[in-house]
Amino acid sequence: MPEGGISTATTYIRPYKTVAGKSAIQTMEDRFTYGLNPEKLGAVSSYLCDPNTAPAEFLLVKSQYHAETGRAVSRGALFFQIRQAFLPGEVMAEEANRIGYETAMRWTKGKYQFFVCTHTDKAHIHNHIYFNATAFDRSRKFHNFIGSSFALRRLSDRVCIEHELSVIQNPCQHSKGRFLHYGQWIGEKPPSAKQRVRLAILAALEKKPTDFADFLRLMEESGFAVKQGRGGVISFLAPGQEKPTRLRASTLGAGFDPEDIKAVIAGERPLPELPEEPTVPPRRVNLIIDIQERMAQGKGPAYERWAKVYNLKQMAAALQYLQEHHLTDYAALTASTEAAVDHFHKLSDELRTTEEALSKTSELMAATVDYAKTRPVFDGYKAARYSKKYLAQHEAELATYRAAKDTMNTILNGAKLPKIEALKKSRRELAGQKKELYAEYREAQRQMREAVAIKANIDHLLGITDERENKAQER
């Protein structure tokens, strides 16, 4: 993995619905034509479909789904697009396409048709992955879910780490909380509002609008609000932006005047050049580099085979955990693992104490009730001067009385017996506390097991051994 790599596959997923005024097949053809543009295309691969006839094949599956289930396919997304970009110079088109294919296969689990278009027209090679929203076996439809972009980014990072490619350490977000893709930023600095407008303009012009009105429509579809002021002045307001950006050369640079845009649409001039914004240099993550150096050294044939096959995926999981938890050196990893173990055992002790208190309270309540019920029987036995006849008649009640009294004496240990209402209140509070602690306990247990497993993997990769019994096993 390159030193201090900042990129993977910056990845996002986007649903596409039928565009107003166009049929489903026209909508797909327009989008797929962009992906299959021969001027951009460096490699292409597919699964359960032919990219050139994908619109018809996607619709065929949808029509079969409708015929078999009776459910309308017009609602919801027609298909989804995944965008995946790589660090400039790190991969060739064929390798990027294979990684995109593997990502798509693992994301869809082989249940949906898809094809992968690898574009080489930018400095960063990137994939456009299109997959049908309807499963090939017509058993279900794919629905975007909360956190799908995060889940997809984790999967893409995992695949890239397994292929020894770099990943973004700290993905940036704009004001709406969504992750930006690599075509918009590199490193940790998000693009300016002007740069976002320029990128959107170029993307709209690449779709070959028929006229200026069609260009403005494409800008609106990409999420920009079009503002028309006095004298025909046009401005664009990006999502999360407070002040609109005016469409003129003095604001956006040469080639971004309305007349320049119209000339590009008419084919009279090329696309305007995009000014590059300064980037932030990548940061070195020492622990990751140390792992790579250890694996490169090798410890014999058995170690090499183990490292190349099984532990490659184990390492990917470990590195992803370290990046997400910002653990950039071994000391931080050790401290974090020990903190997770200590927190788990602390919660275990608190939960055990609470359970014991709850058990004693419940036992005391039961003994108090039994004592109250059988006390009159004992008083009668006492009044009868401990008659054997009375004892024979009430032997069970008197045994319950003695057991209840012994239990109360043991639990109270000389303390005053609380009122039954106070005991009920205490039991409710302890039961609620136990429920909360148990939820924390289960989460702490999961975090501890994950941290211990990750550290064990890192220790193994670094050749560090520790013969002391792990504290996690001491419960």
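Keep in mind that the numbers below use all heavy atoms, side chains included, and drop hydrogens, waters and symmetry copies.
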Q: Would you indicate whether the side-chain heavy atoms of K62 and L59 approach each other to under 4.5 Å?
A: yes

**Q.** Residues forming a side chain to side chain contact (heavy atoms under 4.5 Å, CB included) with Q113, sequence neighbours excluded
**A.** L48, C49, E57, F58, V61, N132, F136

Q. Mind checking whether T27 and L78 have side chains closer than 4.5 Å, heavy atoms only?
A. yes

Q: Would you sort out whether E350 and E440 count as a side-chain contact (heavy atoms from CB on, under 4.5 Å), showing the intermediate values?
A: CA-CA 11 Å; E350 291 181 11; E440 293 182 32; 5.9 Å; no

**Q.** Y101 side chain reached by F114 side chain, heavy atoms, under 4.5 Å
**A.** yes

Q. CZ of R442: more than 12 outside heavy atoms within 6.0 angstrom?
A. no

Q. Between E102 and R98, is there a salt bridge with N-O shorter than 4.0 Å?
A. no

Q | Contacts of K122 that satisfy salt bridge (Lys or Arg N to Asp or Glu O under 4.0 Å) - sequence neighbours left out | A | E206

Q | Heavy-atom pair with the smallest gap, counting every atom of I125 and V91 | A | CD1-O, 3.2 Å

Q | L237 side chain near F224 side chain, heavy-atom distance below 4.5 Å | A | no

Q) In this structure, are over 12 heavy atoms from other groups packed under 6.0 Å from M105 atom CE? A) yes

Q) Can you list the residues that meet the salt bridge (Lys or Arg N to Asp or Glu O under 4.0 Å) rule with D214, with sequence neighbours excluded? A) R217

(Q) Do F212 and I234 have side chains that approach each other closer than 4.5 Å (heavy atoms only, starting at C-beta)? (A) yes

Q | Residues forming a ring-ring contact (aromatic ring centres under 6.0 Å, His included) with Y34, sequence neighbours excluded | A | H119, H128

Q | Closest contact, heavy atoms only, L247 versus P258 | A | O-CD, 3.3 Å

(Q) How close do L218 and A204 get, counting heavy atoms only, and between which atoms? (A) CD1-O, 3.5 Å

Q | With sequence neighbours excluded, residues passing ring-ring contact (aromatic ring centres under 6.0 Å, His included) with F115 | A | F32, Y130

Q.
Considering only residues two or more places apart or on different chains, which pairs with a residue in residues 251-265 satisfy side chain to side chain donor-acceptor pair (under 3.5 Å)?
A. R248-T251, D260-R269

Q: Grab the two heavy atoms, one from A104 and one from I129, that are nearest each other, plus how far apart they are.
A: CB-CG2, 3.7 Å

Q: Please lay out, stage by stage, how K434 and T354 fare under the test side-chain hydrogen bond (donor to acceptor under 3.5 Å, both in side chains).
A: CA-CA 6 Å; K434 176 187 174 182; T354 302; over 6 Å; no

**Q.** Least distance between heavy atoms, T120 atom then A93 atom
**A.** CG2-CB, 3.8 Å

(Q) Please check: side-chain N/O of N127 versus main-chain N/O of A96, any donor-acceptor pairing under 3.5 Å? (A) yes

Q: State the CD-CG distance between E221 and L216, to the nearest 0.5 angstrom.
A: 11.5 Å

(Q) Is it true that, when you exclude K111 itself, more than 12 heavy atoms of the residues, nucleotides or ligands shown sit nearer than 6.0 Å to its NZ? (A) no

Q: For the residue pair N37 and D121, establish whether any side-chain heavy-atom pair is separated by less than 4.5 Å.
A: no

Q | Test of ring centre spacing under 6.0 Å for F131 and F142 | A | yes

Q) Thinking salt bridges, do R352 and E355 make one under a 4.0 Å N-O criterion? A) no

**Q.** Under 3.5 Å donor-acceptor, S348 side chain and F344 backbone
**A.** yes

Q.
Donor-acceptor pair, distance only, cut-off 3.5 Å: does the side chain of S336 make one with the backbone of L333?
A. no

Q | Point-to-point distance, once rounded to the nearest 0.5 Å, from CZ of R446 to OH of Y441 | A | 14.5 Å

Q | Check: R246 side chain, V233 main-chain N or O, donor-acceptor pair, under 3.5 Å | A | no

Q: State, yes or no, whether a side-chain contact exists between M448 and H343 at a heavy-atom distance under 4.5 Å.
A: no

Q: Could you walk me through whether E95 and I99 pass the side-chain contact (heavy atoms from CB on, under 4.5 Å) test, one step at a time?
A: CA-CA 6 Å; E95 183 182 2; I99 293 171; 4.1 Å; yes

